[in-house]
Amino acid sequence: MALLREPLLLLSRSGTVKKLVSTLPVSAGIVRSYVPGETTETAVEATARLVGDGLTVTLDFLGEDTLDAEQADATVAAYLALLKKLSAAGLQRQAEVSVKLSAIGQALPDVGHKIALENARTICRAARNAGTTVTLDVEDHTTTDSTLGILHDLRKDFPETGAVLQAYLHRTEADCRALAHEGSRVRLCKGAYNEPESVAFQDKVEVDKSYVRCLKVLLSGQGYPMIATHDPRMVEIASSLASRYGRAQGTYEFQMLYGIRPEEQKRLAASGETVRVYLPYGGEWYGYLMRRLAERPQNLTFFLRSLVSKK
Ligand SMILES: Cc1cc2nc3c(=O)[nH]c(=O)nc-3n(C[C@H](O)[C@H](O)[C@H](O)COP(=O)(O)OP(=O)(O)OC[C@H]3O[C@@H](n4cnc5c(N)ncnc54)[C@H](O)[C@@H]3O)c2cc1C
């Protein structure tokens, strides 16, 4: 099954397969298990249900790698509409937003970095006015320097902006040290892209060891760690490290993706932990779905069945 990870991640960036797979309706079983719907309304309704279960949420308007400035503007507009609706529904304290910089212009030739920074600033301002925050997702390693640079600039005006770091990258333990300061919200995940040996650990055991080293840095530091994993071992290790470093519940949080280990999400919340669910919505679910399949190739049969039956 591990052998399928790389081909599935390569397919996540294939335009031809994207066209075929995107004919699936969002209601198709496999898509719906990871994405609650296409519209802002369905996303806000799903958020309200999760909040009712004692969870908190971060919403992602799906889309990535855009080479079209108008598309980037449309994504910014979608976030502004979402933030208005979250605040109108009184959900701004429990729900924030996650933004992929490549969806708001980072990949545009020459001007990408500048446009993504301006667009991210617009979303951060709207989030602050709505009473909530933004976290900047991270994508493949070729964008890490630009993303952390944009984070640094945004934090001058919006210090509440969350960072994301990927434990599979060799550089990440050092990035954790640089970002473990007071007021700094940092999400630690393992990493979801196909990365070369020159920059990333390839072996799952090495990635897990790096995840634990990074957890130690973040949990013993002064910031607010956001522990993003479904891995039962990592959750257990994070909990014991939090007690070892004298961290009270609420001075860090766990995060998991929508539809993955929902019972565990509720169990952790019932034990007093803050648990945030990453909730993606919108029509551009292809790349996101392929990354989830790469993590769990057991779901391939389910996926192929959905593709044939279109249900
Ligand atoms: C809140 C959040 C935000 C994220 N943001 C980013 C980001 O910005 N950039 C980025 O590169 N990556 C991001 N990721 C993805 C992350 O990098 C991993 O690819 C993903 O979380 C799988 O790693 P894992 O820690 O769950 O461990 P794994 O080693 O993949 O899985 C451990 C165990 O978790 C369970 N599990 C994992 N996946 C599934 C599944 N699909 N269905 C059912 N059970 C499953 C299984 O029990 C599995 O054995 C994010 C993840 C989360 C939770």
Side-chain angles (χ1 to χ4, degrees), residues 1-2 4-5 8-9 12-13 29-31 33-35 50 55-60 62-65 95-103 106 134-144 147-148 151 161-169 172 175 185-195 199-212 214-215 225-238 252-265 268 274-280 287-303:
M1 283 293 182
L4 288 169
R5 182 174 179 273
L8 282 168
L9 287 177
S12 75
R13 290 196 149 158
I30 187 71
V31 186
S33 60
Y34 292 116
V35 179
L50 292 165
L55 301 161
T56 61
V57 179
T58 183
L59 290 104
D60 164 38
L62 288 162
E64 52 199 87
D65 292 340
E96 62 136 33
V97 296
S98 284
V99 176
K100 279 192 176 42
L101 292 176
S102 83
Q106 190 183 33
V134 175
T135 294
L136 295 185
D137 282 355
V138 273
E139 304 176 63
D140 72 70
H141 80 278
T142 61
T143 61
T144 311
T147 299
L148 292 181
L151 175 87
T161 308
V164 180
L165 297 174
Q166 297 154 314
Y168 65 16
L169 294 183
T172 293
D175 287 333
R185 298 191 309 123
V186 181
R187 174 193 300 159
L188 179 66
C189 62
K190 288 191 189 176
Y193 295 80
N194 197 21
E195 299 290 16
V199 299
F201 300 109
Q202 306 292 309
D203 183 28
K204 179 174 160 42
V205 176
E206 289 307 316
V207 176
D208 287 356
K209 282 189 192 160
S210 167
Y211 196 95
V212 174
C214 294
L215 275 178
M226 305 188 279
I227 304 152
T229 181
H230 313 100
D231 188 334
R233 263 189 75 226
M234 296 302 125
V235 170
E236 205 179 304
I237 292 171
Y252 60 93
E253 68 184 40
F254 287 102
Q255 298 192 340
M256 294 192 190
L257 301 177
Y258 178 86
I260 303 185
R261 305 197 70 210
E263 292 311 315
E264 174 66 0
Q265 296 172 9
L268 281 167
T274 302
V275 180
R276 192 173 298 277
V277 179
Y278 184 103
L279 189 153
Y288 181 85
L289 176 70
M290 296 308 273
R291 288 194 292 278
R292 300 296 76 80
L293 285 176
E295 281 149 20
R296 194 134 177 106
Q298 292 96 313
N299 282 346
L300 258 184
T301 330
F302 183 25
F303 168 65

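Residue numbers run from 1 in the order of the sequence given. Just so we're clear, the structure is a prediction, and the values are computed from it rather than from any experiment. Read the numbers this way: they start at 1 and go in the same order the structure lists the ligands and their atoms.
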What pair of heavy atoms forms the shortest contact from [X] to [Y], and how long is it?
X: Tyr34; Y: Tyr258; result: O-CD2, 3.5 Å
X: Ser210; Y: Ala167; result: OG-O, 2.7 Å
X: Ala192; Y: Leu9; result: O-CD2, 3.3 Å

Do the non-hydrogen side-chain atoms of [X] and [Y] ever get within less than 4.5 Å of each other?
X: Lys190; Y: Lys204; answer: yes
X: Pro232; Y: Arg261; answer: yes
X: Val138; Y: Leu136; answer: no

Given Val275, Leu279, Val97, the one that forms side chain to side chain contact (heavy atoms under 4.5 Å, CB included) with Val57
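Among the candidates, only Leu279 passes.
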
Out of His230, Met226, Glu139, Arg5, whose heavy atom is nearest to atom 26 (O) of ligand 1?
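Answer by nearest heavy atom: His230.
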
As an exercise, identify every atom of ligand 1 less than 4.0 angstrom from a heavy atom of [X].
X: Tyr278; value: 1 (C), 3 (C)
X: Tyr193; value: 11 (O)
X: Arg292; value: 15 (C)
X: Gln255; value: 1 (C), 53 (C)
X: Met256; value: 53 (C)
X: Asp137; value: 8 (O)

Euclidean distance, Gln202 CD relative to Arg5 CZ, rounded to 0.5 Å:
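So the gap between those two atoms works out to 8.0 Å.
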
Within this structure, what is the CG-CD distance for the pair Asp175 and Gln166, rounded to the nearest 0.5 Å?
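Asp175 atom CG to Gln166 atom CD measures 10.0 Å (nearest 0.5 Å).
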
Any non-hydrogen protein atom below 4.0 Å of atom 31 (O) of ligand 1?
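No, because not a single protein heavy atom sits under 4.0 Å from atom 31 (O) of ligand 1.
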
Can you confirm whether some protein heavy atom lies under 4.0 Å from atom 12 (N) of ligand 1, or whether none does?
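Neighbour list for atom 12 (N) of ligand 1 includes protein heavy atoms (cut-off 4.0 Å).
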
[atom]: the protein heavy-atom neighbour that sits closest, reported with distance to 0.1 Å:
atom: atom 5 (N) of ligand 1; answer: Arg187 NH1, 3.3 Å
atom: atom 49 (O) of ligand 1; answer: Arg296 NH1, 4.7 Å
atom: atom 50 (C) of ligand 1; answer: Cys189 CB, 4.0 Å
atom: atom 52 (C) of ligand 1; answer: Leu257 CD2, 3.4 Å
atom: atom 9 (N) of ligand 1; answer: Val138 O, 2.8 Å
atom: atom 19 (O) of ligand 1; answer: Glu295 OE2, 2.6 Å
atom: atom 25 (O) of ligand 1; answer: Thr229 OG1, 2.6 Å
atom: atom 28 (P) of ligand 1; answer: Lys190 NZ, 3.7 Å

With Gln106, the side chain to side chain donor-acceptor pair (under 3.5 Å) member among Thr143, Asp65, Thr147:
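Output: one option passes, namely Thr147.
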
Can you confirm, on distance only, whether ligand 1 has an N/O atom lying under 3.5 Å from any N/O atom belonging to [X]?
X: Gly191; answer: yes
X: Ala192; answer: yes
X: Tyr34; answer: yes

When you compare the side chains of Arg292 and Ser33, does any donor N or O come within less than 3.5 Å of an acceptor on the partner?
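Judged by distance alone, the side chains do not pair up.
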
Decide whether the shortest distance between a heavy atom of Tyr211 and an atom of ligand 1 is less than 4.0 Å.
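It does not, in that no heavy atom of Tyr211 comes within the 4.0 Å cut-off of ligand 1.
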
Would you check whether Lys204 reaches within less than 4.0 Å of ligand 1, judged by its heavy atoms?
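Per 4.0 Å heavy-atom rule, Lys204 contacts ligand 1.
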
Identify whether the distance between the nearest side-chain nitrogen and carboxylate oxygen of Lys100 and Glu64 falls below 4.0 Å.
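No.
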
Pair Glu236 + Arg233, salt bridge at N-O below 4.0 Å:
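Here Glu236 does not pair with Arg233 in a salt bridge, since their nearest N and O are not under 4.0 Å apart.
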
Side chain or backbone of Arg276 under 4.0 Å from ligand 1, or both, or neither, by non-hydrogen atoms?
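Neither part.
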
Once you measure the plane-to-plane angle for Tyr278 and Tyr288, does it fall in the parallel (<30°), tilted (30-60°) or perpendicular (>60°) bin?
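Tyr278 vs Tyr288 ring planes: parallel.
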
